[in-house]
Amino acid sequence: MSKGTKRAVLVGCNYPKTQFSLHGCINDVNAISGVLLNIGFKESDVNVLTDAPGSPVLPTGANIKDALNRMVNKAKAGDILFFYFSGHGTRIPIFQPGQPFKQDEAIVACDLNLVTDVDFRRLVNRLPEGASFTILSDSCHSGGLIEKEKEQFGGQHMTTTVNTDKPKPSKAKAKSLTFDIIHSAIDTAAGILHDAANVGQKIFGIFGKDVSLKFHPHYVDGLMVLDPLEEDEGILLSGCEANETSYDLVLENKAFGAFTDAVVNVINQHWGAGISNRNLVVEAAKILKNNGFEQNPCLYCSDENTNTLFLGGFA
């Protein structure tokens, strides 16, 4: 089989001029972009969306999903697809009659239009045979961002403890927005009172066809079911567990995501041969623990992809 094409969509949301602004997410995108160009990605195949001033395409929920859909639509056997996100994450409370309460994971676009675990599952299920889709998300609650993907490494596997002699920097900020904050913003936009029972209808009413599949009537009413395929080529490297926070920090006048910085440092140590998905997460986790961070990076993928090379290896 001929060597496939490597394509990427990189998204950084700093949410400027808002009460939940971050500082390092666009820097994170620039750092990851530099890494990709050094490991075999062509600049023309790397699509960058940020909310930097003057950005030609903002990372709204609709634009993020459009970029991802276009990337998946182009995919052929042997292609390696990559999605990187740095920004806020959230957990969506799910109330279903007769079912236990649960919370599902999502990333927060610059317009608060969520991209959820169900959206990522749908993208993975659409991959042509022989193509793979890797997600690296430096956001809170990022564990589980591919619905029903198998966890291969997480906090329960971690043997390195947090270095209490080196507490995380005082300017570290959690990359999390509670769903209540998002819900309140949606209420304001909709001009109606807070009512948790119909939040899905509100979100669908505001964003229409651009809403996450999770809030689409066909999915909510059970008319559409998305289960993993037998040959699942979705790979998720998350900055933390589903119930944890990832951190954005400022250190020595440099703003960046703690997980992204650790990942870049590990990759820089493995030029040539590359590093497996599992080992990349393990080594990044060790760096975070040694730097005083409690967050536990995770790997979600099939058994087979656990030890395959991250992004097919480095050129």
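Remember, predicted model here, so these are calculated numbers, not experimental data. Residue numbers run from 1 in the order of the sequence given. Keep in mind that the numbers below use all heavy atoms, side chains included, and drop hydrogens, waters and symmetry copies.
- Atom-to-atom distance recorded for Y247:OH and S176:OG is 9.5 Å, nearest 0.5 angstrom.
- Taking the side chain as every heavy atom from C-beta outward, E105 and E147 never approach each other to under 4.5 Å.
- Residue pairs meeting the ring pair (Phe, Tyr, Trp, His ring centres under 6.0 Å) criterion with at least one partner in residues 115-152, sequence neighbours excluded, are F83-F120.
- Here Y84 pairs with nothing under the ring pair (Phe, Tyr, Trp, His ring centres under 6.0 Å) rule; sequence neighbours left out.
- A salt bridge links E149 and R121; the closest N-O separation between the charged side-chain nitrogens and carboxylate oxygens is under 4.0 Å.
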Exercise for the section: Tell me, with the steps shown, if V264 and I32 meet side chain to side chain contact (heavy atoms under 4.5 Å, CB included). Expected result: CA-CA 7 Å; V264 170; I32 292 294; 4.1 Å; yes
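- Clustering ILVMFWY residues whenever any of their side-chain heavy atoms sit less than 4.5 angstrom apart, transitively, puts F20 in the very cluster that holds L22.
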Practice task
Could you give me the CA-CA distance, side-chain angles and deciding distance for V46 and F82, then say whether side chain to side chain contact (heavy atoms under 4.5 Å, CB included) is met?
Solution key: CA-CA 9 Å; V46 178; F82 179 56; over 6 Å; no
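- A salt bridge (charged side-chain N to carboxylate O under 4.0 Å, His left out) check over residues 57-78, counting only residues at least two apart or in different chains, returns the pairs D66-R70.
- At a threshold of 4.5 Å between non-hydrogen side-chain atoms, the residues L81 and L127 count as touching.
- At a threshold of 4.0 Å, the pair D117-K214 counts as salt-bridged, since one of the basic side-chain nitrogens sits closer than that to a carboxylate oxygen.
- Partners of H88 by ring pair (Phe, Tyr, Trp, His ring centres under 6.0 Å), not counting sequence neighbours, listed by chain and number: Y15.
- In this structure, V9 and F85 have side chains that are not in contact, with every pair of non-hydrogen atoms separated by 4.5 Å or more.
- With sequence neighbours left out, the salt bridge (Lys or Arg N to Asp or Glu O under 4.0 Å) criterion links D45 to no other residue.
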Exercise for the section: Assess whether side-chain hydrogen bond (donor to acceptor under 3.5 Å, both in side chains) is satisfied between N47 and R7, documenting all intermediate values. Expected result: CA-CA 8 Å; N47 186 4; R7 294 189 178 90; over 6 Å; no
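- Residues F259 and L136 meet the side-chain proximity criterion, which asks for heavy atoms closer than 4.5 Å.
- Of the possible polar contacts, none joining the N290 side chain to the N163 backbone as a donor-acceptor pair under 3.5 Å is found.
- Of the listed residues (T308, N305, T306), just one forms a side chain to side chain donor-acceptor pair (under 3.5 Å) with N277, and that residue is T308.
- Shown here is Q269, whose CD atom has more than 12 heavy atoms of other residues, nucleotides or ligands within 6.0 Å.
- When atom types are taken as modelled, the side chain of K6 and the backbone of L311 share a donor-acceptor pair closer than 3.5 angstrom.
- Every residue two or more places apart in sequence or in another chain was checked for a salt bridge (Lys or Arg N to Asp or Glu O under 4.0 Å) with R278, and none qualifies.
- Side-chain contact between N243 and Q103 is absent, with no heavy atoms from C-beta onward closer than 4.5 Å.
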Exercise for the section: Could you walk me through whether D28 and K175 pass salt bridge (Lys or Arg N to Asp or Glu O under 4.0 Å), step by step? Expected result: CA-CA 13 Å; D28 289 342; K175 303 170 83 169; 3.7 Å; yes
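- Both F314 and V282 sit in one connected hydrophobic cluster of ILVMFWY residues. Membership requires side-chain heavy atoms under 4.5 Å apart, directly or through other members.
- With hydrogens and angles disregarded, no donor-acceptor distance shorter than 3.5 Å links the side chain of D138 to the backbone of G239.
- Under the 4.5 Å side-chain criterion, counting only non-hydrogen atoms from C-beta, C110 is in contact with T60.
- Two residues are said to be in side-chain contact when any heavy atoms from C-beta on lie closer than 4.5 Å; L249 and H23 fail this criterion.
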Problem - Test log, rule side-chain hydrogen bond (donor to acceptor under 3.5 Å, both in side chains), inputs S137 and S142 - result: CA-CA 6 Å; S137 188; S142 45; 4.8 Å; no
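- The number of heavy atoms from other shown groups lying within 6.0 Å of CD (E129) does not exceed 12.
- The closest donor-acceptor contact from the side chain of S276 to the backbone of N279 lies under 3.5 Å.
- At least one side-chain heavy atom of I181 sits under 4.5 Å from a side-chain heavy atom of Q19.
- The nearest pair of heavy atoms linking A174 to C140 is C-SG, 4.0 Å.
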Practice task
Evaluate the criterion side-chain hydrogen bond (donor to acceptor under 3.5 Å, both in side chains) for residue pair S212 and D119; output intermediate values, then yes/no.
Solution key: CA-CA 6 Å; S212 167; D119 299 314; 2.7 Å; yes
